[in-house]
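First up is the structure itself, then whatever we jot down about it.
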Amino acid sequence: MIRDFIRRRSINLGLVMTGGCNGCDIEIVALLSQRYDLEQYGIFYHNNPRECDALLVTGTVAKQWQEKLVELYNKVPEPKAVVAIGACALSGGIFQQETGKVAAPVREIIPVDAEVPGCPPRPAEIAIAVLKHVPPALASYRRKS
Amino acid sequence: MSSAIWYLYEFARKKWLERFLDATTDPEIAETPSRFRDFPEVEKELCISCGACVFSCPSPGAIKLVRGEEEDTIFPVIDEGSCIRCGFCVEVCPTEPKTLKSGENSLIMEEYRILPHEKVYIADEYLCIRCKKCLDACKVGAISYQDNLISIDQSKCVACGDCIEACPVKGAIKETYIINLDEQKQITNTLIESLENTINTEMEKIRKLPDFDPSGIVKLEFPLKEIIEKAHEIIINEEMILKLMEKVTDRLKMNVIVWNEELCNGCRLCVDECPVGALSYDENTGKVQRDEKTCLRCSICHQTCPFGVPELYVARFLLKDDVILITLKPSKISIRS
């Protein structure tokens, strides 16, 4: 219980960009900036997946990323959560064309706890999704048997 | 020293301390502004199922037309996972008020809408009886009545086809596919060729017609199944093939020339008259020969010949269920004496 209480106040995020137009990543940068200021909610950003609790996945998951995304997900220490951000991560978006080489959606590659639609979603929408869905997902995470 | 005291005083101010302890973002910043273009909202009752929103959508699979539980209700459904909130569907929606609403885009009522249609509708001023039923049937106000003429505004038309259903005259509003023109040409050519072949195989039956008997007509039937299979190899759209065949058979009028060589006396009047040189005099037999491939079926030889060697028949066609009915009649063009 204490652990969950602490986790609710300190979420460590990692950002994975798997191909796409980079718009969602720019919105996440806006979240980190002074205007939205993610750290006031106790959310911290890390570059190293081994330091993260939750992964933010953006982009269409290009074919080259498919295996690497699973590898990266496995490196995140348990308990872990994944938030898929943007139309690309949810369905492939405008890149899901007949000739496209796209492995989206993300939910078919790694387990996803929360999805944020939009192209790109507003920074506030991303922050709300992270605060609302990541702590319960971490609390209910079960170690793979 | 004085500045240090001023800083101490500044830090100790209550307001500053409060702000320091409660450092949060202004709620106004996180709020969505009213001008923000969110996912479109759908009002099912207003939809006329024209499909303009689906055509305009740049994201595959973001918007779909779905059949409702009640009969004849079709409305768009938006998949938020693929929607990119561009608002194109809202801009092109032609209903008033709009079926789709999102942000300020729902206020845009474009004067000229360019929609990627497959079909074009044109009113025929000769066949039109000016009943004005199409004016009521058109849901986007593309049809106008002016100077005793019905005209369809192509920039407003959404190609729903309601005007054709309302029109009591067949052919007064013409529906034309403007895609795959080369394939349409191919289908038309194969259809006409195979119709001509059927007539040629029945030539003996036509010869037996009593001369200049006005009631003497030959009726033939042409099964549609084979030609449709052939057309499917060229194009897949079945509705398009059927509409094209109907249009061809409605308009087609074919001249058939039956050459009775045994009546020829070798006068060679026709040879000079023929505009393409399809007729040639054969000195061995003393008779005129006709080359079927270059012949235009213009009927000039029929009008010239004093012995009735070239007989002219007119073939007309009707598409009924799964056969094309062919009717052959002797032509009534007078023979020059």
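Lettering of chains follows the sequences in order, A, B, ..., and the numbering in each one begins at 1.
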Response to the item:
Cut-off 4.5 Å, heavy atoms of chain B, and the answer for A:Glu125 is side chain

Worksheet item: Counting N and O atoms only, with roles assigned by atom type, does the side chain of A:Ser91 sit under 3.5 Å from a partner on the main chain of B:Gly81, one being a donor and the other an acceptor?
Response: yes

Worksheet item: What part of A:Tyr41 gets closer than 4.5 Å to chain B, counting heavy atoms only: side chain, backbone, both or neither?
Response: side chain

Worksheet item: Between A:Ala124, A:Ala127, A:Pro117, which residue shows the highest count of heavy-atom pairs closer than 4.5 Å to chain B?
Response: A:Pro117

Practice prompt. Inspect the surroundings of NZ in B:Lys119 and state if more than 12 heavy atoms from other residues, nucleotides or ligands are less than 6.0 Å away.
Written response: yes

Fill in: Side chain / backbone / both / neither for A:Pro123 at chain B, heavy atoms under 4.5 Å
neither

Worksheet item: What heavy-atom pair brings A:Ile94 and B:Pro58 nearest, and what distance separates the two atoms?
Response: CG2-O, 3.9 Å

Discussion item. Looking at every non-hydrogen atom in both residues, tell me the closest pair between B:Cys83 and A:Ala87 and how far apart they are.
Written reply: O-CB, 3.9 Å

Fill in: B:Glu41, CD: over 12 other non-hydrogen atoms inside 6.0 angstrom
no

Discussion item. Is it the case that over 12 heavy atoms from other parts of the model lie below 6.0 angstrom from the CZ atom of B:Phe75?
Written reply: yes

Worksheet entry | A:Glu67 atom CD, over 12 foreign heavy atoms within 6.0 Å | no

Fill in: B:Glu31 versus A:Arg122, closest heavy-atom pair with distance
O-NH2, 3.4 Å

Practice prompt. Evaluate whether atom CD1 of B:Ile236 has more than 12 neighbouring non-hydrogen atoms of other residues, nucleotides or ligands under 6.0 angstrom away.
Written response: no

